[in-house]
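First comes the structure, then the notes that go with it.
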2 protein chains.
Amino acid sequence: MRQSKEQFRRFLLQKGLKSTRQREIVLDAFLRSSTHLSTEDLYQKVRRRHPNIGYATVHRTLKLFTECGLAEERNFGDGQIRYEWTGDKSHHDHLVCISCGVISEFEDSRIEQLQRDIAARHGFVMTSHRHDLYGLCAKCQEEKVRKGC
Amino acid sequence: MRQSKEQFRRFLLQKGLKSTRQREIVLDAFLRSSTHLSTEDLYQKVRRRHPNIGYATVHRTLKLFTECGLAEERNFGDGQIRYEWTGDKSHHDHLVCISCGVISEFEDSRIEQLQRDIAARHGFVMTSHRHDLYGLCAKCQEEKVRKGC
DNA sequence: CTCGTTGCAAACGGTTTGCACTTCT
DNA sequence: AGAAGTGCAAACCGTTTGCAACGAG
């Protein structure tokens, strides 16, 4: 958090960009939020306290976060880009509940290794991957049972 | 191919929908194409021989294919839905070249098993998953070397 | 004849951009 | 002062839909 703000300031400086009130606000809101939020999510969040900040500013600031490595863009097939704080976390993949939308994370080094093998076998130099599991989370399963579906 | 056409006809009949010239044309073009094409791709393909078929028809017909199980929608993060003929093929995942866009397929039962384990450990009932590896295919690596990047 | 289908054009929804105005440095 | 940033509104782009004319059963 503290060092994320530092990282962003250094990035701006080094790129000859300016540190502004709006960027501080957006970064602060971003860091305080649960991860995996869309531009709209963050815009709504920012807007509550700072109603005059525009959607475009939030959008452009998120792109800056991505560029400087503070955030990563994710796409879970729901038609919007979601931004994840990369922070201090290592690589991980996602479990997405198709009912309530909750996103949890997992990590499995055996899968990572198998992926590398597969890429190599196909002559690919792998630069990234996406691995999402979709299904019903425990809570939504219960609810379905309770409602008798 | 032959039985895919049969399958589609049966589907239409059973749903009380009509078999039309346009649907035959779109299905034929779809089955003759390499898989993983977007609506636009298929529209362009159809349009060459049948310039009066509309984009909307192609779109709606692809949705019908999806509904009847002939095709599956895929999303490789390039901002468009791609349709894959399910045909007789079993489940598989994808390797996507970030340079030329070529898509190849892979299958790994060990990964499938590990996924099931992970879902179970998180209390998820997994209904589907997406697993894409992105990188440079062998051909594009060569090209990069030749151009000296 | 009837109801589903087609082609067009317009609506949509999330993302991106042009521009006049403002704000850092 | 000068370059970059902001907010607005409009453009964009793939997807989806309303509707009048059309065509299969």
Side-chain angles (χ1 to χ4, degrees), chain A residues 5 8-29 36-68 71-83 101, chain B residues 5 8-29 36-68 71-83 101:
Chain A
K5 294 193 175 184
F8 190 50
R9 255 182 229 119
R10 259 182 284 119
F11 169 79
L12 293 175
L13 209 62
Q14 175 229 322
K15 281 263 185 178
L17 305 177
K18 290 172 181 170
S19 184
T20 65
R21 207 177 60 83
Q22 288 90 331
R23 285 177 179 165
E24 295 289 335
I25 291 167
V26 174
L27 178 55
D28 197 67
H36 306 120
L37 22 60
S38 64
T39 309
E40 182 66 26
D41 291 342
L42 187 55
Y43 172 57
Q44 290 305 337
K45 193 149 190 162
V46 162
R47 166 178 258 266
R48 281 206 285 277
R49 284 161 176 277
H50 306 275
N52 43 346
I53 287 191
Y55 185 96
T57 299
V58 174
H59 166 74
R60 289 187 277 229
T61 307
L62 280 169
K63 291 292 179 191
L64 285 178
F65 294 168
T66 305
E67 205 185 325
C68 93
E72 273 180 24
E73 301 191 346
R74 301 266 180 205
N75 180 329
F76 295 111
D78 64 345
Q80 31 182 40
I81 300 172
R82 294 182 174 279
Y83 293 84
Chain B
K5 293 193 176 185
F8 189 52
R9 254 182 230 117
R10 260 181 283 117
F11 169 80
L12 293 175
L13 209 61
Q14 173 230 322
K15 281 262 184 179
L17 305 176
K18 290 173 181 168
S19 184
T20 66
R21 206 177 61 84
Q22 288 91 331
R23 285 176 179 164
E24 295 290 334
I25 290 168
V26 174
L27 177 54
D28 197 66
H36 308 119
L37 22 61
S38 64
T39 309
E40 182 66 26
D41 290 342
L42 188 54
Y43 172 58
Q44 290 305 338
K45 193 149 188 163
V46 163
R47 167 178 257 265
R48 281 206 285 279
R49 285 160 175 279
H50 306 275
N52 44 346
I53 287 191
Y55 185 96
T57 300
V58 174
H59 167 74
R60 289 187 279 230
T61 308
L62 279 169
K63 292 292 180 191
L64 285 177
F65 294 167
T66 305
E67 205 186 325
C68 93
E72 273 179 25
E73 299 191 347
R74 302 266 180 207
N75 179 329
F76 295 110
D78 64 345
Q80 30 181 40
I81 301 171
R82 293 182 175 280
Y83 293 85

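Per chain, numbering begins at 1; letters A, B, ... match sequence-line order. Computed from a predicted structure; not experimentally measured. Heavy atoms only: backbone and side chains are in, while hydrogens, waters and symmetry mates are out.
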Which atoms form the tightest heavy-atom contact between [X] and [Y], and what is the distance?
X	Y	result
B:Val26	B:Val46	CA-CG2, 4.3 Å
B:Asn75	A:Gly77	ND2-CA, 4.1 Å
B:Ser38	B:Arg82	N-NH1, 3.7 Å
B:Leu12	B:Lys18	CD1-O, 3.8 Å
A:Ile53	A:Tyr43	O-CE1, 3.4 Å
B:Phe65	B:Leu27	CZ-CA, 3.5 Å

Measure from [atom1] on [X] to [atom2] on [N] and round the result to the nearest Å.
X	N	atom1	atom2	value
A:Leu12	C:dT25	CG	P	10 Å
B:Leu64	C:dT6	CG	P	9 Å
B:Leu17	C:dT5	CG	C1'	10 Å
A:Arg23	C:dT25	CZ	C1'	13 Å
A:Leu62	C:dT16	CG	P	11 Å
B:Ile25	C:dT6	CD1	P	10 Å

Handout entry: From B:Lys5, B:Lys45, B:Arg23, residue fulfilling salt bridge (charged side-chain N to carboxylate O under 4.0 Å, His left out) relative to B:Asp28
Key =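 Looking at B:Lys5, B:Lys45, B:Arg23, the match for B:Asp28 under the salt bridge (charged side-chain N to carboxylate O under 4.0 Å, His left out) is B:Lys5.
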Practice task
Would you kindly compare B:Arg60 and B:Arg21 by the position of their nearest DNA chain D nucleotide and give the one closer to the 5′ end?
Solution key: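 Result: B:Arg60.
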Practice task
Between A:Gly16 and B:Glu40, just flag the one whose closest nucleotide in DNA chain D comes earlier from the 5' side.
Solution key: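 Result: A:Gly16.
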Practice task
Determine to 10° how strongly the helix from C:dC1-D:dG25 to C:dT25-D:dA1 is bent, judged from the axes of its five-pair ends.
Solution key: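 Between the axes fitted at each end of the helix from C:dC1-D:dG25 to C:dT25-D:dA1 lies an angle of 20°.
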Practice task
Select base, sugar-phosphate, or nothing to describe what B:Ser38 touches, counting heavy atoms under 4.0 Å on all strands.
Solution key: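 No contact.
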Exercise for the section: Would you mind classifying the nucleic acid contact of B:Lys63 as base, sugar-phosphate or nothing, using non-hydrogen atoms under 4.0 angstrom? Expected result: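 Sugar-phosphate, no base atom in range.
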Practice task
Before giving the answer on side chain to side chain donor-acceptor pair (under 3.5 Å), spell out for B:Glu24 and B:Ser19 the whole-Å C-alpha distance, their side-chain angles and the decisive distance to 0.1 Å.
Solution key: CA-CA 7 Å; B:Glu24 295 290 334; B:Ser19 184; 3.2 Å; yes
Exercise for the section: Residues of residues 48-58 of chain B with any non-hydrogen atom less than 4.0 angstrom from an atom of DNA chain C: list those, numerically ordered, please. Expected result: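 Those residues whose heavy atoms fall under 4.0 Å from DNA chain C, taken from residues 48-58 of chain B in numerical order, are B:Asn52, B:Ile53, B:Gly54, B:Ala56, B:Thr57.
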Handout entry: Between CD1 on residue A:Ile81 and CG on residue A:Leu37, distance to nearest 0.5 Å
Key =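 Here the interatomic distance stands at 13.0 Å.
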Handout entry: Atom pair NE2 (B:His36) and CD (B:Glu72), whose distance is rounded to the nearest 0.5 Å
Key =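 Output value for this atom pair is 10.0 Å.
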Practice task
Tell me, please, the opening and closing nucleotides of DNA chain D, 5' to 3', among those with an atom under 4.0 angstrom from a non-hydrogen atom of chain B.
Solution key: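 Taking any atom under 4.0 Å from a heavy atom of chain B, the span is D:dG14 to D:dG25.
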Handout entry: Along DNA chain C (nearest heavy atom to each residue), the more 5'-positioned of A:Ser19 and A:Tyr83
Key =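 Nearest-nucleotide comparison on DNA chain C picks A:Tyr83.
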Is any side-chain N or O of [X] closer than 4.0 Å to OP1 or OP2 of [N]?
X	N	result
B:Gln22	C:dG7	yes
A:Thr39	C:dG14	no
A:His59	C:dT16	yes

Practice task
State, yes or no, whether a side-chain contact exists between B:Asp41 and B:Tyr83 at a heavy-atom distance under 4.5 Å.
Solution key: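 Answer no - side chains too far apart.
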Problem - Residues A:Arg60 and A:Glu67 bridged, charged N to O under 4.0 Å - result: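 Result for this pair is no, no salt bridge flagged.
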